[in-house]
Amino acid sequence: MKDSQVRIRIPIHHPKKHRQVSFAEESCGSIATSLQKNMLMQQPYTSDALPTCVKMHRRTTVVPPAAKTAPSKTWDASKPQGPQPHLRPAAGRAPRWGSRRPWLPFAAMAGVLVLAIAVPTLMAWPRQAAQPLPSGSRTTAPVQPNKAAKSEAPVTRLPGVPPMPAVPAAPARSAPVAAEPDVRVYVTSTGRTESLPLEQYIVGVVAAEMPPSFEEEALKAQAIAARTFITRRLLADDTSGAPAGADVTDTVKHQAYISKAKLAREWEHSGKSADLEKIRQAVRDTKDTIMVYEGKPITASFFSTSNGYTENSEDVWAKAVPYLRSVSSPWDKQLAPRFTETVTLSRQSVFDRLGLSRAAVTASTGGGGMPEIRILSKTEGHRIKKIEVGGLVFTGPEIRNKLGLRSAEFTWKTEGNRIAITTYGYGHGVGMSQWGANGMAKEGHTTTQILLHYYTGISFANASRILS
């Protein structure tokens, strides 16, 4: 330690009891000031006269003689010296807490006792237990809106969709969860109704509705859409379009479905086990997750291929639905192998399917053989909204259904007595495009981003809570 860094500790003692300290009694760890050390070094002495600690370490400091000692005399370390109040005594330290604060140790002990009592009391304080949900069969329970989804920025309806949260986690363990309901499916090939747990039913739907070669995020989006569709029907006890004793059929009238026996026979034991496991994993990853709007399951409609856009619901069906809005879907044209398709129909076939009489067509065409076709309006999704054929007006969906076309967007060309009609896309166009979902997944978009793009303003919930 340098001389300039020396600190002097002055013990506080009563003057009458001040301890007499000599240099000889000081330990080798005692410290003197640099001024005293210089005074000592100026005195004539021999090495034999130095104290033992000075011989061992030359930096050990010593104390000069008393003030009355003549400077010419040689300082003798063996003789007792006067009191040195600036030196720390070898024994008898000052109290740790100081003589002016004797209450500090007691205050510290009191604080420790207070903490020892308070901590167990706080940990044992009663908490409000979660109230069990009322029991019931397919009755609506109040569902809290997904606050996280509402706080997100609006979803961009183009490929540059901002990051979105993942699908919601499973319900908290403290809340009771309803048992997984069974779904009764009428299998048209056997004429029998198959009953199975909801999640197993979703596996059969995804296997029937989407190719297993699609990206995992697209398969998960399909699983959530299929689960939302059946949850909505179960909640409303809606069995419309199904035979007695069944909830749904295995056709596109509801949702396509592959039975358990067929999956085992044609998938699991016929070289497609890896594809089946991929679909099962997509269902497991989205277990119990559905889409809701204002706390209720949505009509999760979907279709195969868009023409570049989806449709507003009122342009296909009678009712405008706030979450079924027209959005862009440019991926279909790039990926779908049958984005366009051309069919050729005879004039008579067109007359018959549209219910046109030959006399009406002749009158509308001025005696010509081919009916006049004229587009009157188009939808926001770029499909035909109103069209006139042979003097009669039809909607785009009517023409599509009557002529058996793949899409309500089409062009035509007459070739003699025949009409060649080219369609763009495949399906009604409302909701999620399956090929569009696969295109988004290939670009790195998540399942949540895909669903928030095709279903405007929706959030997510748990099917078990909705059905409990």
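The shown structure was predicted, so the numbers you read here are calculated from the model rather than taken from an experiment.
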Residues, nucleotides or ligands: over 12 heavy atoms within 6.0 Å of Tyr309 OH: no
Tyr186 vs Thr251, side-chain hydrogen bond (donor to acceptor under 3.5 Å, both in side chains): CA-CA, chis, key distance, verdict: CA-CA 9 Å; Tyr186 179 78; Thr251 67; over 6 Å; no
Glu415/Arg418 ion pair, N-O < 4.0 Å: no
Side chain proximity check, Leu354 to Ile399, heavy atoms < 4.5 angstrom: yes
Minimum heavy-atom distance between Arg406 and Glu341, given as atom pair plus value: CD-OE2, 2.9 Å
Heavy-atom pair with the smallest gap, counting every atom of Ile224 and Thr228: O-OG1, 2.7 Å
Partners passing ring pair (Phe, Tyr, Trp, His ring centres under 6.0 Å) against Phe339 (at least two apart in sequence or in another chain): none
Contacts of Trp412 that satisfy ring pair (Phe, Tyr, Trp, His ring centres under 6.0 Å) - sequence neighbours left out: none
Verdict with supporting geometry, Val183 and Val248, side chain to side chain contact (heavy atoms under 4.5 Å, CB included): CA-CA 8 Å; Val183 179; Val248 289; 4.3 Å; yes
Separation between CD of Gln255 and CG of Asp250, rounded to the nearest 0.5 Å: 11.5 Å
Flag side-chain contact, heavy atom, 4.5 Å: Leu467 against Thr231: yes
Pair Arg284 + Glu277: basic N to acidic O under 4.0 Å: yes
Distance in Å, Phe303 CZ paired with Ser433 OG, rounded so as to fall on 0.5 Å steps: 4.5 Å
Worked verdict on Arg347 versus Val350 for side chain to side chain contact (heavy atoms under 4.5 Å, CB included): CA-CA 5 Å; Arg347 180 183 60 178; Val350 173; 5.8 Å; no
Test item: Thr286 side-chain N/O and Ala282 main-chain N/O as donor-acceptor pair under 3.5 Å: yes
Heavy-atom side-chain proximity of Leu403 to Ile421 below 4.5 angstrom: yes
Heavy-atom side-chain proximity of Phe460 to Leu451 below 4.5 angstrom: yes
Expected output: side-chain Arg374 to main-chain Gly391 donor-acceptor under 3.5 Å: no
Ring centre gap for Tyr201 and Tyr257 strictly below 6.0 Å: yes
Side chain to side chain contact (heavy atoms under 4.5 Å, CB included) between Leu356 and Leu392, worked out: CA-CA 8 Å; Leu356 298 174; Leu392 296 180; 3.2 Å; yes
Mutual orientation of the aromatic rings belonging to Tyr293 and Tyr323 [parallel < 30°, tilted 30-60°, perpendicular > 60°]: tilted
Enclosure of Lys378 NZ (heavy-atom neighbours >12, cutoff 6.0 Å): yes
Ion pair Glu314/Arg325, N-O distance below 4.0 Å: yes
Least distance between heavy atoms, His254 atom then Gly241 atom: CE1-O, 3.3 Å
Identified salt bridge (charged side-chain N to carboxylate O under 4.0 Å, His left out) counterpart of Glu199 within the set Arg280, Lys287, Arg227: Arg227
Interatomic spacing from CZ in Arg233 to OG1 in Thr239 - rounded to 0.5 Å: 7.0 Å
Polar side chain donor-acceptor pair, Asn307 to Ser407, under 3.5 angstrom: no
Glu388 side chain vs Val393 backbone, donor-acceptor pair below 3.5 Å: no
Separation of Ser301 OG from Leu324 CG (nearest 0.5 Å): 4.5 Å
Side-chain donor/acceptor of Asp288 to backbone N/O of Asn462, under 3.5 Å: no
Minimum-distance pair of heavy atoms, taken over all atoms of Pro212 and Ile279: CB-CD1, 4.1 Å
Spacing of Leu219 atom CG and Gln434 atom CD [to the nearest 0.5 Å]: 10.0 Å
Side-chain donor-acceptor contact under 3.5 Å, Ser240 with Asp238: yes
Thr305 and Asp332: side chain donor to acceptor below 3.5 Å: no
N/O donor-acceptor pair under 3.5 Å between Ser349 side chain and Leu345 backbone: no
Any donor-acceptor N/O pair, Glu215 side chain to Asn438 backbone, under 3.5 Å: no
Side-chain heavy atoms of Arg192 within contact of Val187, under 4.5 Å: no
Donor-acceptor pair, side chain of His453 and main chain of Met432, under 3.5 angstrom: no
Glu266 vs Lys272, side chain to side chain contact (heavy atoms under 4.5 Å, CB included): CA-CA, chis, key distance, verdict: CA-CA 8 Å; Glu266 298 183 6; Lys272 297 178 66 177; over 6 Å; no
Heavy-atom pair with the smallest gap, counting every atom of Ile466 and Pro297: CG2-CG, 3.9 Å
Step-by-step side-chain hydrogen bond (donor to acceptor under 3.5 Å, both in side chains) determination, Thr447 to Glu217: CA-CA 5 Å; Thr447 299; Glu217 296 301 309; 2.6 Å; yes
Any Val430 side-chain heavy atom under 4.5 Å of Thr299 side chain: no
Backbone of Pro397 reached by a side-chain donor or acceptor of Asn401 within 3.5 Å: yes
Heavy-atom pair of closest approach, residues Tyr455 and Gly431: CE2-CA, 4.0 Å
Flag, side chain of Lys385 to backbone of Leu376, donor-acceptor distance under 3.5 Å: no
Backbone N/O of Phe302 and side chain of His428: donor-acceptor pair under 3.5 Å: yes
Audit row: Phe214, Trp435, ring-ring contact (aromatic ring centres under 6.0 Å, His included) steps and yes/no: CA-CA 9 Å; Phe214 274 27; Trp435 277 100; 4.7 Å; yes
Atom pair CZ/OG1 of Arg400 and Thr423 - distance to nearest 0.5 Å: 9.0 Å
Min side-chain heavy-atom separation Ile290-Ile298 under 4.5 Å: no
Student check: side-chain heavy atoms of Asp182 and Leu198 closer than 4.5 Å: no
Step-by-step side-chain hydrogen bond (donor to acceptor under 3.5 Å, both in side chains) determination, Thr446 to Thr448: CA-CA 5 Å; Thr446 65; Thr448 306; 4.5 Å; no
Greater than 12 external heavy atoms within 6.0 Å of Lys278's NZ: yes
